[in-house]
Amino acid sequence: MRKWMGIPMASGLLLTACVTINVYFPAAEARDAAREFVEKVISDPNAPPAQEPAQEPAPAGGGMALQRRLDFGGANAGARFDPWMLLGIGSAQAQSAPDITIKTPTIQAILARMEARFGATLRAGFDSGALGFTDDGLITVRDPSKIELKDRVAMNAAVADDNRDRKAVYREVAVANGHPEWEAQIRGVFAKQWISSARPGWWYQVGGAWKQK
């Protein structure tokens with residue numbers, strides 16, 4: 001009788017682990033998604049393509065060494081007990097973090113608007129030093145004197161429109177991935193990525209102070 005009583009408890013622990021595993025915010029996946037989005041927005045179609053670094057040849061015998069590592073343990077290697085099998089999932093699946101998608105129609109529509117706006121208006125503001133990335137994931141007019149008087153109304157309107165889209169995309173990414181409560185974390189990841197992806201000469205804000213790349 002004692003032998004069977006331990007099974008429900010073990011199963012309960014496994015189920016708890018399964019439920020808990022996807023609760024944590026997947027920071028690495030969020031950074032990858034933010035990088036893809038940001039680079040798409042600020043990419044310059046007229047810039048020369050970056051050259052791919054030359055790949056070093058694989059060391060001789062690398063494939064055999066890998067195969068030996070995979071075969072380590074002999075015939076009994078695959079016989080080790082995997083507790084995730086009780087739940088019908090593999091250990092690799094259980095340990096993998098959820099993917100952060102930015103491929104929904106709503107997010108892609110925001111991306112298209114931001115990309116077009118950046119190319120048409122905002123890039124010139126960043127190149128001149130008039131605009132800067134704030135540390136909360138938005139943009140602002142940093143130095144109005146660097147914008148010609150005739151262009152100031154259009155630039156201010158573009159900044160306001162872009163900030164509305166920025167707030168919308170942070171919210172939409174969280175909602176699209178089933179965790180609206182992640183919005184602040186998504187925004188924080190994007191805020192760092194805008195600054196990380198800023199081109200040389202562009203301005204960004206850190207703790208209220210302005211710095212130039």
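Atom set for the values below is all heavy atoms of this structure, side chains included, hydrogens, waters and symmetry mates excluded. We number each residue from 1, following the sequence as shown.
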- Show your reasoning for whether side chain to side chain contact (heavy atoms under 4.5 Å, CB included) applies to F133 and L138. CA-CA 6 Å; F133 295 111; L138 303 178; over 6 Å; no

- Message: Counting the benzene-type ring for Trp, do W194 and Y170 have ring centres under 6.0 Å apart?
- Response: no

- Evaluation steps, side chain to side chain contact (heavy atoms under 4.5 Å, CB included), between F37 and I42: CA-CA 9 Å; F37 187 98; I42 69 175; over 6 Å; no

- Between CD1 of I147 and CE of M155, what distance do you get to the nearest 0.5 Å? 5.0 Å

- Item | From CA spacing to verdict: side chain to side chain contact (heavy atoms under 4.5 Å, CB included), I102, E36 | CA-CA 9 Å; I102 56 173; E36 179 182 346; 3.9 Å; yes

- Query: Got more than 12 heavy atoms from elsewhere within 6.0 Å of NZ, K213?
  - Reply: yes

- Those residues that, when tested against R113, pass side chain to side chain contact (heavy atoms under 4.5 Å, CB included) (two or more places apart): A109, I110, R117, D165

- Taken in chain and number order and not counting sequence neighbours, the residues that satisfy salt bridge (charged side-chain N to carboxylate O under 4.0 Å, His left out) with E39 are R199

- Residues D162, R166: salt bridge by 4.0 Å N-O rule: yes

- Report yes or no: do D143 and W203 form a side-chain donor-acceptor pair below 3.5 Å? no

- Query: Got a sec, which residues hit salt bridge (charged side-chain N to carboxylate O under 4.0 Å, His left out) with D161, two or more places apart in sequence or on another chain?
  - Reply: R164

- Query: Judged by atom type as modelled, is there a donor-acceptor pair below 3.5 Å linking the side chain of R35 to the main-chain atoms of Q193?
  - Reply: no

- Item | Trace of the side chain to side chain contact (heavy atoms under 4.5 Å, CB included) decision for I195 with W202 | CA-CA 9 Å; I195 293 172; W202 291 3; over 6 Å; no

